[in-house]
Amino acid sequence: MHETYDRDILQLVEPAGIAAAINPRLGIVGGGQLAKMTALAGLQLGCDVVVLERNNYSPAANLASHSLVGDWNSPEALLKLAAQVDVVTLENEFVEAASLRALEECGYRLFPTARSIALVQDKLVQKQTLAAAGLRVPRFEAVASVGEVERAGAKFGWPLLLKARRDAYDGKGNATVRRASDAGAAWTKLGGDEGRELFVEEFCHFSTELAVVIARGRNGETATYPVVETTQLDHICHVVMAPARVPLDVAARATEVARQAVAAVGAVGTFGVELFLMNPAEIVVNELAPRVHNSGHCTIEACVCSQFENHVRAVLGWPLGDTRMVAPAAVMVNLLGARKGAGRPVGIEQALAIPGAHVHIYGKAMSGAGRKMGHVTALGATTDEALAIARRAAAEIRFGGKP
């Protein structure tokens, strides 16, 4: 079923062959690659999937039993989605928490809850919540002017991170301010002159970036994946290595910190927790993501039960699956667009010819510089073996040709 939302009107188009809804029905707000991989996991478990997206075309739409096109911040569109499903979940944290509350107020099931989204989607509120739970986070404060950024730099030291409180991801909405004279340009770049709410946090001189993916059920049951090590460039994840190459006691502390972090926001579903490993062996929480996470994509091949399947299980109230790895090591390499152009991959045949390379193409219509277009995962007896396979396959694939 495909639905098109035009401002205050929802028009329904029913394709042939759609049977009456007899299976569990999962609604997903957002239709990107995270929704696509979640939908695949739901379909494997016999779910009918309904997707609400802003655009007529989205990666998840061709997998959905039903599809709505509409403004996900519109309570009316959200309620239309909720009326067709047993539970609503999200692939991103950008939907207004106030709009999501309308679902709960009408008695519909939403996981993560509107409260959880509210605590996470505003990154200043997120930092305040984590700090109040006794977790170590970088020092931070709200800023309302370039002068306040400069004063924060004098207090915290340079460089300093200037961040948007809302709707920032993959480096969009972050700026590294290296000296007081750079504050004005960073403020303008992030929209401070237009009234966008910003905050600053101290720059962490970490030794390693880590991440933990945790699935948390409605009853508080948790399933924790192995701690992974990530490589970031320009605030965009490039490589994920599982398990992280850290001592076992460090991995255990990182896991416990991640558990406390998701509990602090009342998580239900799969969440990603980004961490800094500081010297000497101190764990600092960088950010939370209230959804399936890029650092967990390797779990599709690397673990008994993927982060996507466990997200479906969690939000539907089902028992969580086994998170153990099926190989000693796994590596995921993101496939990033090089330039604006067509989303069709070039070189996929060569990548698929490499033994052990698991290629995932998201099916986005258009590429862009740094845009996540797919990923490659490889398993191995060692991290180096898996990394070599994944990088070799990833190097064959390119995006951004002429439409």
Side-chain angles (χ1 to χ4, degrees), residues 34 38 41 87-95 97 100 104 109-138 140 169 209-228 230 237 240 242-244 250-277 282-299 303 305-324:
L34 301 182
T38 301
V87 64
V88 175
T89 191
L90 305 95
E91 76 145 6
N92 65 61
E93 58 269 37
F94 306 139
V95 184
L100 293 171
E104 296 172 329
R109 291 191 182 97
L110 169 72
F111 299 109
T113 65
R115 176 181 178 275
S116 290
I117 296 298
L119 291 176
V120 175
Q121 69 182 184
D122 184 323
K123 294 186 178 182
L124 177 63
V125 173
Q126 179 187 137
K127 288 287 193 296
Q128 292 168 338
T129 302
L130 296 173
L135 296 168
R136 171 73 196 280
V137 296
F140 63 91
Y169 68 101
E209 290 190 80
L210 304 174
V212 181
V213 170
I214 298 184
R216 192 166 186 263
R218 294 185 192 177
N219 62 356
E221 174 193 7
T222 59
T224 306
Y225 288 89
V227 180
V228 301
T230 68
C237 181
V240 175
V250 171
R253 287 203 301 276
T255 298
E256 181 55 32
V257 167
R259 284 197 185 108
Q260 293 176 28
V262 298
V265 298
V268 174
T270 295
F271 277 48
V273 185
E274 299 175 12
L275 306 167
F276 294 137
L277 174 60
E282 182 182 14
I283 304 296
V284 176
V285 182
N286 177 24
E287 287 185 357
L288 295 186
R291 51 171 169 75
V292 289
H293 195 254
N294 190 202
S295 66
H297 290 357
C298 63
T299 64
C303 295
C305 183
S306 77
Q307 66 161 342
F308 301 99
E309 181 178 333
N310 260 333
H311 183 74
V312 173
R313 289 174 177 234
V315 302
L316 287 172
W318 295 346
L320 301 182
D322 191 342
T323 60
R324 288 176 298 174

(request) Only pairs at least two apart or in different chains count here, so list each salt bridge (Lys or Arg N to Asp or Glu O under 4.0 Å) that has a residue in residues 261-270. (result)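 For residues 261-270: none.
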(message) Applying side-chain contact (heavy atoms from CB on, under 4.5 Å) to Phe276 and Glu209, what does each step give before you reach the verdict?
(response) CA-CA 5 Å; Phe276 294 137; Glu209 290 190 80; 3.6 Å; yes
(message) Do Pro243 and Val228 have side chains that approach each other closer than 4.5 Å (heavy atoms only, starting at C-beta)?
(response)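 Counting from C-beta outward, Pro243 and Val228 never come under 4.5 Å.
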(request) Answer yes or no: is there a side-chain heavy-atom contact under 4.5 Å between Leu275 and Asn286? (result)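 A side-chain contact under 4.5 Å is absent here.
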(message) Given 3.5 Å as the limit, does a donor-acceptor pair link the side chain of Gln121 with the main chain of Ala97, or not?
(response)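 Present.
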(request) Flag the pair Arg216 and Glu221 as a salt bridge only when some basic side-chain nitrogen lies within less than 4.0 angstrom of an acidic carboxylate oxygen. (result)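 Salt bridge absent between Arg216 and Glu221.
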(message) Check Arg259 with Glu256, please: is the shortest side-chain N to carboxylate O separation under 4.0 Å?
(response)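 Arg259 and Glu256: salt-bridged.
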(request) Start with the C-alpha distance between Arg115 and Glu104, add both sets of side-chain angles, then the distance that settles side-chain contact (heavy atoms from CB on, under 4.5 Å), and finish with yes or no. (result) CA-CA 10 Å; Arg115 176 181 178 275; Glu104 296 172 329; over 6 Å; no
(message) So for atom CZ, which belongs to Arg324, do other residues, nucleotides or ligands contribute more than 12 heavy atoms lying within a distance under 6.0 Å?
(response)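 No.
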(request) Can you run down the side chain to side chain donor-acceptor pair (under 3.5 Å) pairs that involve residues 261-272, sequence neighbours left out, and say none if there aren't any? (result)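 Applying side chain to side chain donor-acceptor pair (under 3.5 Å) to every pair that reaches into residues 261-272, excluding sequence neighbours, yields nothing.
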(request) Give the intermediate values and the outcome of side-chain contact (heavy atoms from CB on, under 4.5 Å) for residues Val315 and Val88. (result) CA-CA 8 Å; Val315 302; Val88 175; over 6 Å; no
(message) Among Gln307, His311, Glu93, which residue satisfies the side-chain hydrogen bond (donor to acceptor under 3.5 Å, both in side chains) criterion with Arg291?
(response)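 Result: among Gln307, His311, Glu93, Glu93 is the only option passing the side-chain hydrogen bond (donor to acceptor under 3.5 Å, both in side chains) with Arg291.
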(request) Check Lys123, Lys127, Gln126 against Glu287 for a side-chain hydrogen bond (donor to acceptor under 3.5 Å, both in side chains) and give me the one that passes. (result)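 In the set Lys123, Lys127, Gln126, the residue that makes a side-chain hydrogen bond (donor to acceptor under 3.5 Å, both in side chains) with Glu287 is Lys123.
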(message) For Phe111 and Leu316: C-alpha separation, side-chain torsions, deciding distance, then whether side-chain contact (heavy atoms from CB on, under 4.5 Å) applies.
(response) CA-CA 9 Å; Phe111 299 109; Leu316 287 172; over 6 Å; no
(message) Exactly one of Val268, Ile214, Val212 should register a side-chain contact (heavy atoms from CB on, under 4.5 Å) with Val262. Which one does?
(response)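 One option only clears the test, and that one is Ile214.
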